[in-house]
Every structure is written in structure tokens, then in C-alpha cells.
Amino acid sequence: MATRTSRRRAGNLPADVTSFVGRRQEISRARQLLSSTRLLTLTGPGGVGKTRLARQVASEVSRAFPDGVWLVELAPLRDAALVSWTISSALGLQDQSARPAVASLAEYLSDKRLLLVLDNCEHLVPACANVLGEILSAAPGLHVLATSRQALGCEGEWVLTVPPLSGPEPDAPSPDASAAHWESVELFAARAAAAVPGFTLTPATQEAVTRLCGRLDGIPLAIELAAVNLRFLSVHDLAERLDDRFSLLTVASDSDGRRHRSLQAAMDWSHDLCSPEERLLWARLSVFRGGFDLESAEHVCSGEEIVRAGVLDTLVGLVDKSIVNLQDAGAAGRYRMLETVREYGGEQLVRSGAHRLMRERHRDWYMKLVERARDDWFTGKQSSWFVRLGSELANLRSALEFSLSRPDEVPQGLELAARICNYWMRLGMSEGRHWMDRALSVADGPDERVLNVLWIDAWAAGIQGDLQGAVELTERCRVMAEQLDSPNPAVPMVRGITAFYAGDPERASALLGEALEGFRSAGDATFTWVALFYVALVASFTGSADAGRLTAECLSTAGDAQWCQSHALWISAMNRWREGEPEEAVAMARDGLRQKASVGDLWGIANCIELLAWVHDAMGQHRYAAGLLGSAQTFWRATGTSVRGGAARGARHDACETRLREQLGDGAFLKAFERGAGLGQEQSVVYALGETTAQPASEEIRDDTQLTSRQREVAQLLAEGLTNKEIAERLVIAQRTAEAHVENILTRLGFSSRAQIAAWSVEHRAH
């Protein structure tokens, strides 16, 4: 991990790939309003440029928001209950709590000064209004810039209607020399030059361009769709064909109707210019939410007039016509349609009568995808599946929504919700429980599918600290397993997990041991490891004599599954600490932390940093330990949870905090804690790894912390110029242990280099 301490500007606002044209008055007015109101909504019809304007305004005001500008894309979302989770996800949070999602979000935002850009709110207006009402009242530093086809109706909302770009009236007389200064003409010329290098406005083309822009009524999307077709037609042909298309549409008298007609004409016209295969693919691609990759398009959209081998060529044709946008040309390239363009394709799909069929194929494909992810979970592909399923969350939501909204599809919905079980811990446990609870609410009678969702829901509830919910769900699991005469070892596993979180380790150990034997007998390698992990976890927290053997087995059998390795390192470090090997505990906990950070597991990061605080407290590094508790708090907040979510973990935390307050005094403890909490996520990880000099109270650490005798030996050998390998040989210890000693010396002394340790050693020998 990098050791730089400079803070990158927060936020996720993407860089624009095309130039921004016009809108000077609208930008100025929006910036003025944002300085005096906390909720500004840009309204207007589809295609008028609300999203692009919002992003431009947000970019220009970003310096006013030290905690960043965050874009939240709501177009792919259909379940109003998920608005809060979608905002949290865009902020990089992983809500693992059992509280209402909006409460966790409001708490996280309470001390932040940031700008949320909520894009495409029109289909979720009541939900957006409710969520914004709560978070704006809880977070005085929060500002919101929303786009919607209608106002949100929130208290304190200001509405700015986005007009079309300035331009000539339809059927206006021949243009004068000032025509090029109209915004619509300027936009057409810019996009035409991008489509056909060398294109410029000339006396020969200006009349046709002006007539075309007048016809399109200044609607940016319509103009951009027109301009890209210069690859296939001359500007004069474009204008004539658009005239023909307008003659087929009903003339509207009011401006809104006229603008809708202009966009409809441009969309129809672009549709006409597509080949039959391109039109069909356009319609079929409309079933995707939030984008798609080539493999998904090939599986879902091929067949009946489009062969799988031809999907790529047809997709390239749609990209060339700007119907589909290539978002990322890298190895995991993804494609996306603007929402207005996707809606048009959806209308064509409905007219064709194939909408239900395509939704089924879409759902079936994502069922297969998560099955592949489940098969690969206990392999080196684990981390890559976390990333891929994260990028497909909108499509997974769509597939679940489709299945759970239709009685005849509920069994598939139950199966899909269960198959994602190992990934909800990374995608968001709270959202996972939302889908599982919804699936259980529409399920009929006891069967294995229902039992699978029940035990996964119970598992999630236990992890969240929702003990009442976990107890109720595990009891339902027990009863249903008896009804089905099911030997499913997951049932005793979740009962054991619940018992552990409830503070009954003896009962937990017995139930988890039963589950472990059941999974081993069934030959289920994945859940054999999961059960083993929990058996080892209980042993580590209770100080069992078997803890060393169990944690070692857990680590050795994790293989190259990175997320599993990180969990195994965490409990192994806990056991090493309990056995009186703090140096080795620190080394293992830091290895686990590195892996947690690489997969973005915020809950796991919190646990690793928390453990490091306990170990460093025991080693006498009290201010550093207090700073680590503060850093851990950053991640507990980002997951909406608390260290006290489990009885054993909460007791360890309270004991550590009590000792630190006694050693440091309340004032010094709070100072170190707050400095650790103020580092932010990236620097908190660097700090916990001992890879930065920007440590809370580092000067005080030098003054009151003494090195152990072994650490002084290592420091003296560093002063002699020995490498870690040479130190290990001299002291007859493992090289990794020598490395751990060096890392801990750096941490204790607040240093960042071996040379500083060497100089310190020489100075202290002289005294």
C-alpha cells in the first residue's frame, strides 16, 4: 500500500469525455442557488440535458465541499425501499446494520460537508423526498443537487427548470451570420466535428444545420443523436430526412408537446437508420439496468434473428450511432444507454410482445452468473467476483424484483437470493436481508429453498447484531428443518453463530461442531471452511486449548481465497495475542488488514484495526492504541454498525477503552482517539499498518513508550546495518517475525524508516 499522506479529493464524479457547450446562464443561476439553499432540483423533460448540467455545476462548485461531490444514479433503481442503500453505496459505504438504512446514512452524513448529486429521481419522487427530508435535517453540511422530470416537493427545495438550448425557431427564415452563436448550433457543430473530423460550419452547411437545430427545438439529446449520423449521411440529407420524420408525427401546439415531438422524431429517425438487427438488439438491451458487459449481452440478447457470434458486431453498430455508450474500454468493459434511449428501446420491446421473455432470459442469466460466483467462492477468483457482482448490483436487483413480483417466479427468486449469500457480506448485508425478507414474505409453505433463505437471513441478522431477529429466524429454521426432515448442517451452524453473538460460547461451540461434521460428511468444502472459521472464532475468544490448532487449520485450508485468508489471519492474530505473542499477532493482523483493504471489506477492516488496538494497548503503546480505536470507529460508521454488535467483541473493546482512559487520562485518550478518527479511511489503513509518520500523538509515543528487550536487540542490529534476513539468522527467529519486530519498532517510536531506528539506537546507547 502507498505510504503517501496527501489526501485525494473525495468524491466519485466522473470526468466528462465530451466538451460542455453553452448553459452559461443556467450554470450561474444554479451556483447562486446552491450557495443559499441545500436542495436544488433541476427539472425538465427527458433529453433536455439535466444530468449533464448537474454534473457541470457540481464540478465547478466542488471546492466548496471538502468531503466530496458524490453522484448517485437512480435511473436503474425500481424498488423505492432501496433509495437509502443506493445513496450509501455511491458514497462507498457498506451498510451492515440492522437499523433502517436511512438512519445509518443520516448518522454517517451528520458531520460531513458534501454535495450529493441525485440523478433521475422522477420515478422515485416520494421515496427521494422522504430520504432527503431525514438526511438534510440530520446533516447541516449536506447539500443536494437533484435532477428530475418533476419537483420532489421537499421542504426548502428550490426548483430550476432547465430550458432547451437557445436556437432558431422551427421553419425560421434563412440564418444570418450570428447563427453559429446559438447554443444548439454550437453543440451540433462540436458533436459533428467529433463524429466526422474536419467538419465545420460553412456557408454551404449553415442553412441545413440551422434548419435541423430549429426542428429539434434545442433538445441536446436529439441534437447529439442527429450529429453522429453525419458518419452515414450529409447534413443536407439529415435535414431532409428529419423533415420527412416530422411529417409523420402529430403536431403539438404547446412548447412541451413540441419538444417531446422533437425528441420523439430524433429517436424514431435514429431507429430508422439502424439495421433490423440493430433495432432488435436496441430493444433487447433495454432489459439491462445500470449497464452490461459483452458476455451478458451475448447470453441474454442472442437467439431469434441475432446469432451469438453477431452480437458484438451489432453492438458496435449501436455504439457508432451513439445509441449505446462504451463506459470502460478496459478488460472489464461495460456498456450503457442513456435512460431516455433505454426507455425508447423498452417501448419497442413491449410492442414486439417479447418483454416478458427477455426479462426471464435476463433473470436466468444472472442466476447462472451468481451460480458461477458461488462455485468460485472458495478459490483465487473470490476477489474478482466481489468486484464483478458489485458492478452488476443493479441487474441483480432487477432480476430479484422480476421474480419476487410474480407468484409463478417466486421459487426462482428464492434461489437467486440464496445463491448470492456469500457476497451479501460485501455488497451490503442490510440490502441482502431486505431481499431475503421480501422473498420469505411471498414464499409458500416449507421447502428447501425457503429453508436456505431462512438460515442465510438468520446468519446475516447475527452478523448485524440483530440478536432478536437472529433468534426468531434460527428457531424458524429449526422448526422447518424438522418439518422437512432435513439434515442441512447450515441450521445448527446459524444456531451456533447466534448463540455466540448472544454470549453463550459453550452452546455455540457444540452446535458449530455439529455443523462442521455435517458439512465435512456432505463434502461441502466452502461451508466446511465457514463452519471451521466460526469454531475457531469461538475458541479464540474463549481461550480454548484447541484455539491454536483450529486457527492454524483455518488459515492453512483457506487456500488462495483472499477474503477467507483475511478472516483466518484475523482470528489467528487474536489467538497469538491471547497466547502471549503480541509481535506475531501484530504481523498477522496487519497481513489480514492488507487483504481486507485490497477487497474493500470495510467491516473486516474495522475488526482488524480494532484488534490491533487491543494488542498495542497490551504492549504498552497506549496513545497509538487509542488512535487505532478512533480509526476503527471510522470503519464501524461506514458500515452503520458498532464494535458492540457482538457480546464478546464489545466486552474486549470496553476493557481496552477502560484501560486506556486509566493510563492516559480522559483528555489524552480523547485527543488520540479523535486524531485517529480524523484520518479518513485510506490514511487510517496506512496508519494501522505503521506505514506513515502522520500518526496521532507520535511525538508523545516516543516519550513514554519503552521498547522490549528483544526490540532493543533488533534496533541495535539495524544500527549495525543488518537486513531482516540477517537479523532473523542472528536471533534464530523466523524472518517474518524479524519483519514484525521492525514494523512494531517503527510504530512505537513513530518513525517511518529503518535509518531513523538506527540513529535512535546509536543515540540511546550513547546515553
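On a predicted model such as this, the values are computed, not experimentally measured, just so you know. Atom set for the values below is all heavy atoms of this structure, side chains included, hydrogens, waters and symmetry mates excluded.
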Contacts under 3.5 angstrom, residues 128-145 side chains, donor-acceptor by atom type, not counting sequence neighbours:
unit_1: Asn130; atom_1: ND2; unit_2: Pro126; atom_2: O; d: 3.3
unit_1: Ser137; atom_1: OG; unit_2: Gly133; atom_2: O; d: 3.1
unit_1: Ser137; atom_1: OG; unit_2: Glu134; atom_2: O; d: 2.9

For Phe669, ring-ring contact (aromatic ring centres under 6.0 Å, His included) partners two or more places apart: Phe673
So do Leu118 and Leu152 actually touch side chain to side chain, heavy atoms under 4.5 Å? no
Quick one: do the Ser398 and Arg359 side chains pair a donor with an acceptor below 3.5 Å? yes
Examine the side chains of Gln412 and Ser403 and answer whether a donor and an acceptor come within less than 3.5 Å of each other. no
Is it true that a side-chain atom of Arg31 and a backbone atom of Val57 form a donor plus acceptor pair closer than 3.5 Å? no
Does a salt bridge link Arg476 with Asp457, judged by any charged N lying under 4.0 Å from a carboxylate O? no
Donor-acceptor pair between Asp293 and Ser296 side chains, under 3.5 angstrom: yes
Which pairs pass side chain to side chain donor-acceptor pair (under 3.5 Å) with one or both residues in residues 113-125, sequence neighbours excluded? Thr51-Asp119, Arg78-His123, Asp119-Thr147
Arg419: which residues meet the side chain to side chain donor-acceptor pair (under 3.5 Å) condition with it, sequence neighbours left out? Glu371, Glu415
Set out, in order, the CA-CA distance, both residues' side-chain angles and the distance that settles ring pair (Phe, Tyr, Trp, His ring centres under 6.0 Å) for Tyr335 and Phe288, then state yes or no. CA-CA 10 Å; Tyr335 300 85; Phe288 289 104; over 10 Å; no
Under the side chain to side chain contact (heavy atoms under 4.5 Å, CB included) rule, collect the residues that match up with Glu26, sequence neighbours excluded. Arg23, Leu53, Pro163
Please list, chain by chain and in numerical order, all residues satisfying side chain to side chain donor-acceptor pair (under 3.5 Å) with Glu431, sequence neighbours excluded. Arg397, Trp435
Assess whether a salt bridge exists between Glu392 and Arg334, defined as any Lys/Arg side-chain N lying under 4.0 Å from an Asp/Glu carboxylate O. yes
Answer yes or no: is there an ion pair linking Glu339 with Arg149, defined by an N-O contact shorter than 4.0 Å? no
